[in-house]
Structures are given as structure tokens and as C-alpha cells.
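In what follows, every heavy atom counts, from backbone to side chain, and hydrogens, waters and symmetry copies are set aside. Labels below follow one simple rule: chain letters A, B, ... track the order of the sequence lines, proteins then strands, and each chain is numbered from 1.
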Number of protein chains: 2
Amino acid sequence: MCVMLQILADRGPSPAFPPASSSIPKPTRTTSLAGPLLPPRTMIFREGLAGSPQYRVVDGCVATAQTLSDGRRQIIDLIGPGRLIGLGLGEHIRYSAETLGFTRLEAVTMSQSDRELALGEMLERSQGLVMLLGRKTAPERVAFALLDLARHFGRPARDKRRRAITYHLYPTRGDLADWLGLTVETVSRCFTRLKKAGLIDLERGDLVTVLDPQQLSGLAAGDRPLSY
Amino acid sequence: MCVMLQILADRGPSPAFPPASSSIPKPTRTTSLAGPLLPPRTMIFREGLAGSPQYRVVDGCVATAQTLSDGRRQIIDLIGPGRLIGLGLGEHIRYSAETLGFTRLEAVTMSQSDRELALGEMLERSQGLVMLLGRKTAPERVAFALLDLARHFGRPARDKRRRAITYHLYPTRGDLADWLGLTVETVSRCFTRLKKAGLIDLERGDLVTVLDPQQLSGLAAGDRPLSY
DNA sequence: CGTGATATTGACACAAGTCAAAGCCAGTGG
DNA sequence: CCACTGGCTTTGACTTGTGTCAATATCACG
């Protein structure tokens with residue numbers, strides 16, 4: 001039995017995604033709880049909606065974000081397969097969530113201790129982002145993002161027994177800018193510099209290969225300055 | 001019976017503060033759990049220490065912070081009376097905590113659901129800081145900080161039935177800079193501008209009066225631009 | 001083969017950082 | 001009581017990283 005997820009596949013501002021029913025059916029297959037394939041830019045829920053539906057990302061990518069009254073947007077987290085969305089204060093949701101690519105979710109119910117663990121993980125990631133936004137330079141931020149995405153979306157498929165990791169980049173330059181507290185142009189310039197420095201490779205704009213994870217993480221941590 | 005808190009009142013890098021014993025004695029007085037008065041700049045715990053002792057701030061102010069290898073510091077939160085410190089992943093503490101003024105703590109043990117609630121609150125504050133650091137200008141950040149501190153440290157003592165709020169500023173300009181992702185100089189300049197604009201008043205450097213909370217919160221939210 | 005979104009690149013502007021010099025104040029000791 | 005010290009703050013002059021604006025390139029899609 002499938003949890004019915006009403007898909008509202010419009011782009012941009014759209015009606016809210018109804019929370020899954022709280023009655024979780026027994027799995028009859030491994031994917032029995034999984035919803036349908038959501039298209040890119042589907043709004044899953046919005047800021048201010050009461051209640052907190054909980055989903056696990058099965059495949060694809062979801063961005064959680066807060067938006068200021070004047071349109072400034074800050075992405076709180078990019079969430080890949082296996083991770084959860086919908087946690088937070090029970091009262092009101094403080095952020096919206098939308099898909100960045102074709103994405104499959106499954107509804108989950110969690111024990112209290114699982115929720116506590118998940119909250120702790122979210123807190124840890126949020127505090128990491130605070131450090132990044134408060135004290136890191138643009139190249140450090142972009143390097144960090146590329147490595148974080150590699151961990152979540154990279155297949156262990158190493159290029160030629162080098163430690164290279166290749167993955168599909170779900171977020172656009174604009175999404176990355178809104179995550180890293182930068183502008184589209186700055187993100188693009190950092191990409192170009194990282195490419196010229198031989199740390200990464202980019203194909204067709206959305207296929208990333210991290211060529212030198214070692215050096216890239218040195219950059220992300222602020223140990224090395226990225227020459228040029 | 002008092003929970004013994006070993007005070008290490010040195011300034012700067014110092015040994016860790018030992019977690020309170022987990023056996024909580026019955027209160028014999030209202031302040032029976034409260035520890036001694038900790039002097040300013042006492043390190044309560046450091047990053048990387050295992051276990052997570054939990055305290056409530058009774059009086060004073062505590063800053064939680066992460067530090068990069070090259071010394072860049074990011075304050076995660078400033079915590080006033082009634083709020084908790086020590087929550088997070090059980091495994092390791094990802095941040096350090098130190099007092100900013102004379103501070104009294106009390107050891108607490110919490111039910112699981114209290115912990116979940118407290119984690120949710122920390123998460124919410126952390127995400128608010130993410131928005132501030134990623135997308136707000138320096139004057140907006142400072143305005144936000146002054147209002148947040150007013151909520152936590154301001155006495156309801158209103159000036160002359162105007163909505164003015166006065167409070168002692170625990171953090172130095174440097175602490176504020178490390179919280180807001182700015183420099184000491186920028187924080188100081190914003191203070192000067194806010195003073196000239198008649199939104200706040202400063203006496204002796206550490207006594208703040210918010211003269212126009214209304215307009216200040218408009219500034220903090222990015223609705224108004226702060227002329228001059 | 002247009003058309004529209006996204007990405008890159010360049011020229012320039014500006015907010016915030018850096019460096020440096022006073023200023024202010026609390027604490028100390030003569 | 002006063003000079004001295006050291007930390008914090010303020011202010012000014014200048015630099016710089018990142019943002020803004022604008023032109024072009026690239027790519028997906030009909």
C-alpha cells in the first residue's frame with residue numbers, strides 16, 4: 001500500500017505538499033513506503049505550515065531554506081539519499097523544502113531517541129554552516145560544498161584508482177550561492193579557479209569530479225590558500 | 001548539598017571543566033544545585049571533550065564557540081539566564097563554552113522529551129544565525145544582536161513608559177564580532193551609527209539602552225536601510 | 001533553429017576588512 | 001593622590017574581496 005503523495009509539479013511558489021498520513025502501513029516490499037518520483041523544484045512544504053511530516057530521501061536531492069521578506073534566500077541544508085527532512089520544532093516549520101532534481105521520498109515514523117539523534121545531527125550540520133558563513137572565504141566555502149556533496153552524492157567509483165570522485169551536481173550555481181552566502185558569479189569564479197588549479201573537473205555544468213580530495217579539503221579547512 | 005564545581009579561573013587556554021557528577025542531590029534550598037560564581041573567561045568545557053554535561057545558566061552569560069585551526073573563532077550562541085548549555089551529540093562536544101561575565105550555573109538532568117525540546121530550540125537559533133550570517137548586512141546583524149541580547153538580558157525596566165530597554169552588555173566588541181561574522185571595528189562603527197540615528201544609547205561601553213525597539217527590529221529584519 | 005534558463009566572464013563599485021593611531025578606563029603600585 | 005600599565009574601544013585612511021551590472025556563451029527543449 002502506497003502512501004499517497006499529491007504531486008504539485010509547478011515551478012516556483014506553489015501550494016503546500018500535504019503531510020503523509022500518520023498511519024504507516026506495513027512494508028510489503030522494500031519500497032512500499034516510497035512515494036512517487038517528484039520532479040525538480042517541487043515544494044514539499046513551506047515555512048509556517050503546522051505539524052512536521054517526516055520523510056527520508058530515498059533518491060535525489062532536497063534543499064531546505066528560509067526566505068527573508070525582501071526575497072533574500074538562505075539554504076539551510078542540501079539533503080541527499082538516506083537523510084531526513086521535516087524535523088524541527090513540532091509547532092511550526094521554520095523553513096521550506098523543495099526538490100532540486102527528480103527525487104523519491106518515503107514517509108517515516110521515528111522513535112523519540114531516533115528523533116533526538118536526528119536533531120543532533122541537524123544541529124551539528126547547522127553549526128558547521130555557521131562556522132562556514134561566519135568565518136570562511138569564498139573559495140573555502142565552495143571547496144567545502146564540493147566535498148560535502150561528494151560525500152552525499154559521490155559514488156565510490158574512483159576514476160583510475162586515484163581518489164577521484166564523480167557526481168551529479170543537483171544544485172544550480174544559484175542554489176549553491178544561497179547555501180554558501182555568496183552570489184552566482186562568485187560561485188562560478190571559484191569553480192573556474194578550482195578547475196584551473198586542477199583540483200576539480202567540470203563537465204556539462206552539472207557533472208563534478210573531485211580530482212584531489214586531499215588538497216581540496218585542505219583548502220576547505222583553511223590550511224592552504226588556493227594560489228591564483 | 002552543593003555540586004562541586006572546580007573553578008579554573010585562568011584566562012585564555014585552560015584545562016577543561018570537569019562535568020558535574022550525574023547524581024543530583026535533592027534541593028535543600030532553591031539554589032542548592034547552583035555552583036559557585038564563575039569569574040569571566042572561565043572555560044566550562046572545550047571542543048572534543050567526551051560526554052555532555054548539562055547546565056542551566058542561573059545568572060550571567062556563557063558563549064559557545066568553535067575555533068578553526070588558524071585561530072578564526074565563531075561564536076555559536078550567547079546564552080543568558082534560564083537557558084541550557086551542554087546539549088548536542090552525546091559522543092563528542094563540537095564546541096567550547098566560556099563565561100563572559102561573573103556567571104552561576106546549575107547542573108541539570110533532563111527527560112528525553114525535554115532534551116528533544118531543548119535541541120529543537122538550539123536548532124532553531126542556529127538556523128536563525130545561519131540566515132543572519134549568510135544574507136544580512138553588518139548593520140542588520142548588529143541590530144539583531146542588540147535585540148536578541150535585550151530579550152535575554154533586558155530587565156522589563158522601561159525607561160519612562162517608553163519601550164526603552166536597558167541592559168548590561170556581557171560580550172565585548174570582539175565577542176560580538178565573532179558571533180556576527182564581522183570585525184571589532186565594523187561592530188564599533190555600527191554602534192556609532194545606531195547611536196547617531198537615535199536607536200540606541202551606550203554608556204561606559206557596556207551599558208546598552210535600546211531606545212526604539214520597533215525601528216531597530218525593522219532594521220534587523222531588513223525592512224529599513226539605516227540612513228547615514 | 002529559435003527561445004529561455006543557466007553559466008561564464010569582464011569592468012567597475014562598494015561594504016567590510018586591515019592597519020595604525022589615539023582615546024578611554026580600571027587596576028596597580030609608588 | 002597620581003602616574004603607569006594594559007586591555008578594550010573608537011576613529012581615520014586605505015585596501016580588498018565580493019557584489020553589481022552587463023555582455024556573451026552554453027545548453028535543454030520545443
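The CZ-P distance, from Phe191(A) to dT8(C), rounds to 8 Å in whole Å. The separation between Asp178(A) atom CG and dA7(C) atom P is 12 Å, rounded to whole Å. Note: NZ (Lys136(A)) to P (dG17(D)) measures 19 Å, nearest angstrom.
Distances from the side chain of Thr186(B) to the nucleotides dA16(C), dT18(D), dT10(D) place dA16(C) closest. Out of dT18(D), dT9(C), dA16(C), the shortest distance to the side chain of Pro139(B) is found at dA16(C). When each of dT10(D), dT18(D), dT8(C) is scored by its nearest atom to the side-chain atoms of Leu182(A), the top-ranked nucleotide is dT18(D). In this structure, the nucleotide among dC19(C), dG17(C), dC21(D) sitting nearest to the side chain of Glu185(B) is dC19(C).
Considering only heavy atoms from C-beta on, Pro171(A) comes within 4.5 Å of Leu149(A) through its side chain. Between Leu169(B) and Phe191(B) the shortest side-chain heavy-atom distance falls below 4.5 Å.
Taking side-chain N and O atoms only, Arg204(A) has a distance below 4.0 Å to OP1 or OP2 of dA28(D). Contact check, Thr172(B) against dC8(D): no side-chain N or O comes under 4.0 Å of OP1 or OP2. For the pair Thr192(B) and dT10(D), the criterion of a side-chain N or O lying under 4.0 Å from OP1 or OP2 is not met. The side chain of Arg173(A) contributes an N or O atom lying less than 4.0 Å from OP1 or OP2 of dT8(C).
A donor-acceptor contact closer than 3.5 angstrom links the side chains of Ser69(B) and Asp223(A).
Along DNA chain C, the nucleotide nearest to Gly181(B) and the one nearest to Pro171(A) differ in position, and the one closer to the 5' end is contacted by Pro171(A).
If you run side chain to side chain donor-acceptor pair (under 3.5 Å) between Asp178(A) and each of Arg73(A), Arg173(A), Gln74(A), only Arg73(A) comes through.
No hydrogens or angles were tested; on distance alone, nothing pairs the side chain of Arg193(A) with the base of dT9(C) as donor and acceptor under 3.5 Å. Below the 3.5 angstrom threshold, one finds no donor paired with an acceptor across the side chain of Arg189(A) and the base of dG17(D).
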